[in-house]
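Below: the structure, in structure tokens.
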Amino acid sequence: MDPLFQPVTYLKGVGAKRAAALARLGIQTPYDLLYHVPRSYLDYSHPVPLAAALLGEVNVIRVQIVKKFPAQYTRKGMAIYKAVATDGASDVTVVIYNSAYAFQMLREGAWYRMSGKIQGNMLRREISAPHVLPDTSRDLICPSYPLTNGITTQVLVNLVKQAIAFLCQAPFDWMSSAMRQKHQLLPLAEALEQVHFPSSITQMEQARRRLAFDELLQLQLGMLMRRAENGTKSTYPMRPETDLQPFYAALPFSMTDGQRHAVQEIVQDLCGNTPMNRLLQGDVGSGKTAVAAAACYFAIQNHVQCALMAPTEILAVQHYHTLQQFLAPLGIQVGLLTGSLRAKEKQEIYARLADGSLQMAVGTHAIFQKGVQFAKLGLVITDEQHRFGIAQRAMLADKGGTPHKLVMSATPIPRTLALMIYGDLDISVLRELPRGRLPIQTFAVTGKLRDRAYHFLREQLQQGHQAYIVCPVIDEQEEQPMQAVTTYAQRIQEGAFSAYRVGLLHGKMKPAEKDQVMETFRAGEYDVLVCTTVIEVGVDVPNATILLIENAERFGLSQLHQLRGRVGRSSTQSYCILMTDHVTDECRTRMQIISRTSDGFQIAEEDLKLRGPGDFFGERQHGLPPLQIADLSQDPRLLEEVQETAKELLADDPDLSKPEHGALRLEVLRLFRRSGENWRN
């Protein structure tokens, strides 16, 4: 067996305990070690003279140890070791805490390169707890890895060197030399060695480019192959002559041109020979639910059932009410199925779905439980699909064999990210807001203006409107002082808003409690709703015209935009106040971006640049295999190259079944298995 694919215990220095620690990092084999790439690097190749070192900043210096002093001890027993070092022109005191071993390794008269923060003044400098490298070392660019308890950087370095030795004994590469030359990429073995132990920054960047190309290509191939799998013959082709006019006539408003165009695209898919697989992407308040209702009406007129799945009960209940308003006047039966329903109510809905008398089901993940059977499920709609993951979507789709699938998302996603996450879907985008909506006026302020902000809120309440106040946490936390909904609601009810009715809503409440609070707020029986981000998606209360977000620095740009979308849902002017006392340069930049534009897609692009794709959705729930190397916000040109290459490969070999593509096919499978997915979901 290839030593690269043996259990990690095959390596020297790895027993059962260390193997368990490595497993926490996702490392099971020496091959996994090769792809556990450094998070960053310490570059010792360009030391600065001590006289030019920036005080209070991390610097790399090259110094000779002149004199070591005996250890000093604090009252609590901490050992402090000091030595004087020089670069020949200036001196510096080296300070090491509680590590006799590290201090012993420093020899008087020897030269070292050190990286650390330099404190002091022009006459007396000190470098504390530096990273130290012997000046004779050949590896001047040192890797810094993601670690876990029991695994140090040095342990990983030793293990990675063993894995690279195995690789060098039998180097392999799935990519042909012609393809490498076309895209100016390093051979795989060289790239893997240089990404861990680069001989220069340029070589490291070239190595990461090759590995990023591989990762993006494998991801794109997997998504395109999944799309090809979806291209089976449709079980439910529909009649293009089906009349949508009764639906349009019954609407209490006129659809925008964008909405009508999206409906046309969906209808065309529903009437095709292959099942629809489409993403309906729209900014907050752009009217996606009305488009989904039109799709459901069209499908039900073709004698199939529809199901809409939402990530929370609050959102499911809201979709249920909205779809009832659109469809009930047209004689269509809509049912609600959530986890909080009583057993008798569930059984009744189960029976009606099974015999076909219930044409439309709206609910949470309860829809795809084992007991739910549909007579003829032809259209499946999922809202905010990145909150479900691909496997859960597939479980619902399996209820109907090969139904048509529509995914809705109010999270504006940059084009580069959308092409990756939704690579298996066609995309419809709603960019215009319904007629009569005014842009939300947004203001970023510090806590010093809280009294003025409260006064402004009370003015809105006196006009008969309602307000949201969002806090980042439920309960107060000593280690991170932030506004907490529980104490905040009580404080304002007794103080600044004592004359008004204050409601409280957060994620720890039972589903029935949350629904009750939202219904009470929607009915106008609360003036102010103090809540967490549980209202982030889909909550629709047209009378709410003002939103105050406390600790706004705690939220990403896209999340702030989502929250802002809870107001501005009528023709009345609405307002959003972002409050923060954590005014860093980055925070100031983010607040300026969100204040000056209401274009969710522009905000999403900026958010991707600031936070990177790994944090774009917060906790990763969208089912996309994790990208360990590629940075979609920095590599748009590379992504274009990858997409072109993927299409060329699959045009020649749709299943990657040719012998020369065997290794690449295995890599695609391995990438998707890392996230518990495969392209056949």
Full working for side chain to side chain contact (heavy atoms under 4.5 Å, CB included) between H561 and I594: CA-CA 7 Å; H561 181 62; I594 195 81; 4.0 Å; yes
Chi angles and distances behind the side chain to side chain contact (heavy atoms under 4.5 Å, CB included) call for V534, M509: CA-CA 10 Å; V534 71; M509 290 174 146; over 6 Å; no
CA sep, side-chain torsions, deciding dist, call: S428, E265, side-chain hydrogen bond (donor to acceptor under 3.5 Å, both in side chains): CA-CA 8 Å; S428 296; E265 290 179 321; 2.5 Å; yes
Evaluation steps, side chain to side chain contact (heavy atoms under 4.5 Å, CB included), between Y44 and C142: CA-CA 8 Å; Y44 294 91; C142 300; 3.7 Å; yes
Residues L505, M518; criterion side chain to side chain contact (heavy atoms under 4.5 Å, CB included); working and verdict: CA-CA 8 Å; L505 181 67; M518 274 313 305; 3.7 Å; yes
Criterion side-chain hydrogen bond (donor to acceptor under 3.5 Å, both in side chains) on H183 and E641, from CA distance to verdict: CA-CA 8 Å; H183 298 286; E641 288 184 50; 2.8 Å; yes
From CA spacing to verdict: salt bridge (Lys or Arg N to Asp or Glu O under 4.0 Å), R208, E215: CA-CA 10 Å; R208 292 187 83 92; E215 189 173 48; over 6 Å; no
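Taking the ring axis of F213 as reference, the NZ or CZ atom of R210 does not stay both within 45° of it and closer than 6.0 Å to the ring centre.
A side-chain donor-acceptor contact under 3.5 Å links N59 to the backbone of L54. Looking only at distances, no side-chain donor or acceptor of N551 sits under 3.5 Å from a matching main-chain atom of M482. No donor-acceptor pair closer than 3.5 Å links the side chain of E525 to the backbone N or O of T520. When atom types are taken as modelled, the side chain of R39 and the backbone of Y145 share a donor-acceptor pair closer than 3.5 angstrom. A donor-acceptor contact shorter than 3.5 Å is absent between the side chain of R564 and the backbone of L547. A donor-acceptor pair under 3.5 Å is formed between the side chain of Q466 and the backbone N or O of Y526. Checking side-chain atoms of Q194 against main-chain N and O of A207 turns up no donor-acceptor pair under 3.5 Å. A donor-acceptor pair under 3.5 Å links the side-chain atoms of R501 to the main chain of G524, judged by distance alone. Counting only distance, with no hydrogens or angles, the side chain of N543 and the backbone of A467 share no donor-acceptor pair below 3.5 Å. In this structure, Q259 contributes its side chain and G287 its backbone to a donor-acceptor pair below 3.5 Å.
How far CG of L221 is from CD of Q643: 11.0 Å, rounded to the nearest 0.5 Å. Annotation: the span from R278 atom CZ to I381 atom CD1 amounts to 13.5 Å, rounded to 0.5 Å. In this structure, CD on Q483 lies 10.0 Å from CD1 on I469, to the nearest 0.5 angstrom. Atom CD1 of I440 is separated from atom CD1 of I546 by 11.5 Å, given to the nearest 0.5 angstrom. A distance of 8.0 Å separates CG in L308 from OG1 in T382, rounded to the nearest 0.5 Å. I61 contributes atom CD1, which lies 9.0 Å from atom OG of S115 (distance to the nearest 0.5 angstrom).
Taking the side chain as every heavy atom from C-beta outward, E57 and I118 never approach each other to under 4.5 Å. Within the 4.5 Å cutoff, the side chain of M591 has no heavy atoms near those of the R596 side chain. Counting only heavy atoms from C-beta outward, the side chains of Y35 and I27 never approach each other to under 4.5 Å. Between V470 and C531 there is a side-chain heavy-atom pair separated by less than 4.5 Å. P38 is not listed as a side-chain neighbour of S144, based on a closest heavy-atom distance of 4.5 Å or more. Counting heavy atoms from C-beta on, the side chains of L578 and V445 never come closer than 4.5 Å. Residues L216 and L638 meet the side-chain proximity criterion, which asks for heavy atoms closer than 4.5 Å. Side chains of I141 and I201 form a contact here, defined as non-hydrogen atoms less than 4.5 Å apart.
Between A290 and M255, the shortest heavy-atom distance links the atoms O-CE, 3.4 Å. The shortest heavy-atom contact between Q493 and F497 is NE2-O, 3.4 Å. Taking all atoms of both residues into account, the shortest heavy-atom contact from A292 to M408 is CB-SD, 3.7 Å. Counting all heavy atoms, side chain and backbone alike, V502 lies closest to A489 at CG1-O, 4.1 Å. Pairing each heavy atom of L461 with each of D527, the nearest pair is CD2-O, 3.5 Å. Across all non-hydrogen atoms, the minimal contact from A293 to L323 is CB-CD2, 3.6 Å.
Using a cutoff of 4.0 Å between basic side-chain nitrogens and carboxylate oxygens, D257 and R260 are not scored as salt-bridged. A salt bridge does not link E313 to K514: none of the charged side-chain nitrogens sits closer than 4.0 Å to a carboxylate oxygen. A salt bridge between R522 and E519 is present, with a side-chain N of the basic residue lying under 4.0 Å from a carboxylate O of the acidic one. The residues K508 and E513 are annotated as not salt-bridged, no charged nitrogen and carboxylate oxygen being separated by less than 4.0 angstrom.
Applying the side chain to side chain donor-acceptor pair (under 3.5 Å) test to pairs two or more places apart or on separate chains, those with a residue in residues 574-584 are E553-T580.
Side-chain N/O atoms of T545 and Q460 include a donor and acceptor closer than 3.5 Å.
Residues passing the side-chain contact (heavy atoms from CB on, under 4.5 Å) test with E494 are Q490, sequence neighbours excluded.
More than 12 heavy atoms of other residues, nucleotides or ligands lie within 6.0 Å of CG in N121, so this atom counts as buried by the packing criterion. Within 6.0 Å of NE2 on H455 lie no more than 12 heavy atoms contributed by other residues, nucleotides or ligands. Counting heavy atoms of neighbouring residues, nucleotides and ligands inside a 6.0 Å radius, atom CZ of R24 exceeds 12 of them.
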